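The structure appears below as structure tokens.
All values reported here derive from a predicted model rather than from experimental measurement.
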Amino acid sequence: MNDTDEKVNKTDASPNDNKQAVKSRVVIRLDAVESAKKSSDAPKKDEPDFDPGFKILHEDNHIIVVVKPQDVPTQEDISRDSDLLSMIKSYLVKKYNKPGNAYVGLLHRLDRPTGGVMVFAKTSKAAGRLSEQIRDGEVDKTYCAVTVGRPNRTGRVEHYLEKNEKTNTVLIAPSTLEGVKRAVSDIAVLDEKDGLSFVKVDLITGRSHQARVQLNALGAPIVGDGKYAADKLVKSPHLALWAYRLSFSHPVTGDIMTFLAQPPDEFPWNLFDIDSLVNSPRPTDRGYNR
């Protein structure tokens, strides 16, 4: 089904009530959000007058959806560098003048060098419902990457991965080895140019370094991946891996929400038509994209 404003009507549980619950399909694009902000010189009354350090795609009482900057940890790590989770908490404290700390539920992670769309919960209720969706495989996470060469297999690929916690690296391992985790992805090549491939990766499972390790195992390491590319390394400003699409059901309204954000306009992304990734309608339904 396409990402449109299609509505699905459901009959209310009460037989004496003629009201119908409306389930909407909402698409929010980073480029549409940014263009809407540029159309007005004055900030909106519900927007902060400070730079939070990240881009916000959507925020309501239950969730906040942001674009994670590359080379920023999702949460605090041994480096003690500024991390996204702490940045969001700080943003909420400042925006709402909270006297103490703000609750932010961490639901999933992106590797430090990977950027793209992430959702965080603002209430424990929302965190529980979204975590259940993730466990049940009902949250769609789609990445794009630029690889050195073409993967020698596309479509559904499966490997077993073993993580070395000391070196923070992941290796392909036999399925019989104790502690390994099954990793499954759907891989498609969208375009090829100058010995590089523009690749879409749908993660069926969500293992650490999954896309990086699987693409490298298929003979096509990601551009800029100094950890796994070895002698095939092609340098770039950042790792050419980006979480460009995230789709889930809103934990309270039940709306099917899809968020899209293009990777940065820099090498190697600028060799390809990255706008094609977000070539979807721009709905204004229910006010999510005002």
Check the hydrophobic clustering (I, L, V, M, F, W, Y; side-chain heavy atoms under 4.5 Å; chains of links allowed) and say if [X] and [Y] are grouped together.
X: Val146; Y: Val213; result: no
X: Ile187; Y: Val170; result: no
X: Val72; Y: Val66; result: yes
X: Leu239; Y: Phe54; result: yes
X: Leu85; Y: Ile56; result: yes

Determine whether [X] and [Y] make a side-chain contact, defined as any pair of heavy atoms from C-beta on separated by less than 4.5 Å.
X: Leu161; Y: Leu171; value: no
X: Val148; Y: Val223; value: yes
X: Met118; Y: Leu84; value: yes
X: Asn216; Y: Ile222; value: no
X: Phe120; Y: Ile63; value: no
X: Leu130; Y: Phe248; value: yes
X: Trp269; Y: Pro263; value: yes
X: Thr176; Y: Tyr160; value: no

For the residue pair [X] and [Y], what are the closest heavy atoms and their distance?
X: Thr258; Y: Ser247; value: OG1-OG, 3.0 Å
X: Val117; Y: Tyr244; value: CG2-O, 4.0 Å
X: His159; Y: Ala217; value: NE2-CB, 3.9 Å
X: Ala211; Y: Val201; value: CB-CG1, 4.3 Å
X: Arg29; Y: Val278; value: NH1-O, 2.8 Å
X: His108; Y: Ile134; value: CB-CD1, 4.4 Å

Stepwise side-chain contact (heavy atoms from CB on, under 4.5 Å) test for Asp194 and Leu271: CA-CA 9 Å; Asp194 299 337; Leu271 297 177; 4.3 Å; yes

Taking atom NZ as the centre, does Lys89 end up with more than 12 heavy-atom neighbours from other residues, nucleotides or ligands that are less than 6.0 angstrom away? yes

Above 12 or not: heavy atoms from other molecules or residues under 6.0 Å from CD1 of Ile78? no

What do the steps show when you test Thr169 against Asn164 for side chain to side chain donor-acceptor pair (under 3.5 Å), and what is the final call? CA-CA 5 Å; Thr169 55; Asn164 185 323; 4.9 Å; no

Begin from the C-alpha positions of Asp202 and Arg245 and carry the test salt bridge (Lys or Arg N to Asp or Glu O under 4.0 Å) through to its verdict. CA-CA 10 Å; Asp202 289 303; Arg245 184 181 187 276; over 6 Å; no

Using a strict 4.0 Å threshold on nitrogen-to-oxygen distance, state whether [X] and [Y] make a salt bridge.
X: Lys200; Y: Asp186; value: no
X: Lys122; Y: Asp60; value: no
X: Glu158; Y: Arg153; value: no
X: Glu162; Y: Lys181; value: no
X: Asp225; Y: Lys227; value: no

What is the distance from atom [atom1] of [X] to atom [atom2] of [Y], rounded to the nearest 0.5 Å?
X: Trp242; Y: Gln262; atom1: CH2; atom2: CD; value: 9.5 Å
X: Asn168; Y: Lys163; atom1: CG; atom2: NZ; value: 5.0 Å
X: Gln75; Y: Arg112; atom1: CD; atom2: CZ; value: 12.5 Å
X: Arg129; Y: Leu107; atom1: CZ; atom2: CG; value: 13.5 Å
X: Ile88; Y: Lys68; atom1: CD1; atom2: NZ; value: 11.0 Å
X: Glu34; Y: Leu57; atom1: CD; atom2: CG; value: 8.5 Å

Please check: side-chain N/O of [X] versus main-chain N/O of [Y], any donor-acceptor pairing under 3.5 Å?
X: Arg207; Y: Arg182; answer: yes
X: His250; Y: Thr253; answer: yes
X: Thr114; Y: Leu110; answer: no
X: Ser197; Y: Glu192; answer: no
X: Ser24; Y: Val26; answer: no
X: Gln133; Y: Val139; answer: no
X: Ser236; Y: Pro268; answer: no

Hey, can you tell me if His58 and Phe259 have their rings parallel, tilted or perpendicular (30° and 60° cut-offs)?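 Ring orientation of His58 relative to Phe259: tilted.
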
With distance as the sole criterion, is a donor-acceptor pair present between the side chains of Gln210 and Ser185 under 3.5 Å?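 Short answer, yes.
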
Output, in order, the C-alpha distance, side-chain angles, deciding distance and verdict of side chain to side chain donor-acceptor pair (under 3.5 Å) for Ser249 and Glu138. CA-CA 8 Å; Ser249 296; Glu138 296 172 354; over 6 Å; no

Would you check, one step at a time, whether the test side-chain contact (heavy atoms from CB on, under 4.5 Å) holds for Val33 with Ile28? CA-CA 7 Å; Val33 171; Ile28 296 179; 3.7 Å; yes

Take Leu241 and Tyr143 through the test side-chain contact (heavy atoms from CB on, under 4.5 Å) and record every step on the way to the result. CA-CA 7 Å; Leu241 178 65; Tyr143 293 67; 3.9 Å; yes

Please lay out, stage by stage, how Glu76 and Ser86 fare under the test side chain to side chain donor-acceptor pair (under 3.5 Å). CA-CA 8 Å; Glu76 184 177 330; Ser86 297; 5.0 Å; no

Go through Phe198 and Leu277 one step at a time and tell me if the side-chain contact (heavy atoms from CB on, under 4.5 Å) criterion holds. CA-CA 11 Å; Phe198 185 29; Leu277 296 170; 3.8 Å; yes

